[in-house]
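Whatever order the structure lists ligands and atoms in, that order sets their numbers, starting from 1.
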Amino acid sequence: MIGAPDARRTMDQETIHCEQLTESGQLRHLLKLEGLGAPIILDLLNRAQSYIRPAGQRPARDNCLHGRTVANLFFEASTRTRASFELAAKRMSADVLNLDVNTSSRIKGESILDTIYTLQAMQADIFVVRDASAGIPELIATKVEPHISVLNAGESDVSHPTQGLLDLLTIRQHKSTFDDLIVTIIGDIAHSRVARSLTEGLRILGNSDVRLVAPPGLEPNPAYYPRTHVTNEIDSAIEGADVLVTLRIQRERIKEKSSLMTNHEYLKQYGLTEKRLALARPDVIVMHPGPMNRDVEIAGSVADGPRSVITQQVTNGLAVRMAILAAVSASRIES
Ligand code: CP
């Protein structure tokens with residue numbers, strides 16, 4: 001196995017448990033999609049859809065976060081998630097704090113919880129957290145004051161729930177139902193929080209035909225992917241697919257990089273090329289969470305082609321993050 005995730009670390013972290021919902025069933029924290037019911041997910045998708053505006057129009061605004069403070073804590077690189085959370089919070093009239101990890105006191109040895117308590121003392125209301133270690137968002141959620149919400153913006157190889165929601169929204173905009181769809185996810189599934197959150201969401205919404213295609217050594221732990229079909233055979237898994245999701249190799253999580261294929265070889269063996277795309281249904285949609293490596297996991301012509309919905313995913317990401325901020329703001333417990 002090349003660089004398979006450390007299952008023991010992940011299992012240990014999963015022993016921390018925090019309820020995502022308030023006693024009345026409203027969303028307080030968003031840590032993972034697992035455990036949320038279909039009604040909550042569909043409500044978030046409906047809210048997000050209401051924030052979508054045609055290109056060229058002024059973006060949607062909502063002042064439901066007026067007087068609230070959103071703190072973005074990204075301890076791992078991000079373009080899309082970080083920028084969209086910042087814009088989402090500003091478009092909802094929040095005060096926004098973007099902590100720069102490279103100039104924060106974490107590099108002087110301050111623990112993440114002490115950073116959280118410091119910002120809590122400055123009356124931050126919502127923490128948006130990305131971290132390379134499993135369990136961090138859930139740990140923070142167990143420690144903050146009752147009126148505070150924690151949103152997982154990407155957690156190791158475990159969870160990326162806002163990405164899962166934006167992927168579901170994108171699929172729903174093109175397909176009439178989730179249950180009969182063939183969804184094929186191709187790439188480094190072993191290290192992908194995106195694949196895990198999307199399959200969790202699809203399962204909750206009734207889909208049972210997810211095909212996971214991974215190169216040898218990058219197959220997932222089956223315990224995290226119930227009722228999916230895992231294979232190394234890309235062409236047969238693309239045949240008849242309604243949705244194709246391409247993923248990059250998560251090099252930052254793989255120690256033995258020497259065992260990885262060259263970019264050229266990867267494109268040949270596992271890349272989504274025009275020839276492979278032709279095996280899918282004619283109305284297939286092509287997705288990629290980004291960041292994208294053109295002509296490695298996906299041919300540039302496919303990424304830019306008529307079946308691609310990759311930029312629409314980005315637009316939906318902003319709307320989904322607005323919807324989540326609105327939902328947790330509505331469930332706030334006043335202390
Ligand atoms: N898809 C995604 O999480 O992208 P970023 O790493 O740029 O936020």
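A search for side-chain contact (heavy atoms from CB on, under 4.5 Å) contacts involving Ala299 returns Asp295, Ser301, Val302, not counting sequence neighbours. With sequence neighbours excluded, the residues satisfying side-chain contact (heavy atoms from CB on, under 4.5 Å) with Ala89 are Val70, Ala94, Val96, Leu325. Partners of Arg294 according to the salt bridge (Lys or Arg N to Asp or Glu O under 4.0 Å) rule, which considers only residues two or more places apart in sequence or in another chain, are Asp304.
Taking a cutoff of 4.0 Å between a charged side-chain nitrogen and a carboxylate oxygen, Asp242 and Arg281 qualify as a salt bridge. A salt bridge does not link Asp180 to Lys175: none of the charged side-chain nitrogens sits closer than 4.0 Å to a carboxylate oxygen.
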Pairs under 3.5 Å, N/O atoms on ligand 1 and on the protein: can you put them in a table with the distances?
from	atom 1	to	atom 2	distance (Å)
ligand 1	1 (N)	Gln163	OE1	3.0
ligand 1	1 (N)	Pro289	O	2.9
ligand 1	1 (N)	Gly290	O	3.1
ligand 1	3 (O)	Thr81	OG1	3.0
ligand 1	3 (O)	Arg130	NH2	2.9
ligand 1	3 (O)	His160	NE2	2.8
ligand 1	4 (O)	Arg80	NE	3.1
ligand 1	6 (O)	Arg130	NH1	2.9
ligand 1	7 (O)	Thr79	N	2.8
ligand 1	7 (O)	Arg80	N	2.9
ligand 1	7 (O)	Arg80	NE	3.1
ligand 1	7 (O)	Arg80	NH2	3.0
ligand 1	8 (O)	Ser78	OG	2.6
ligand 1	8 (O)	Thr81	N	2.9
ligand 1	8 (O)	Thr81	OG1	2.6
ligand 1	8 (O)	Arg130	NH2	3.2

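For the residue pair Arg172/Asn46, the side-chain donor-acceptor check at 3.5 Å is satisfied.
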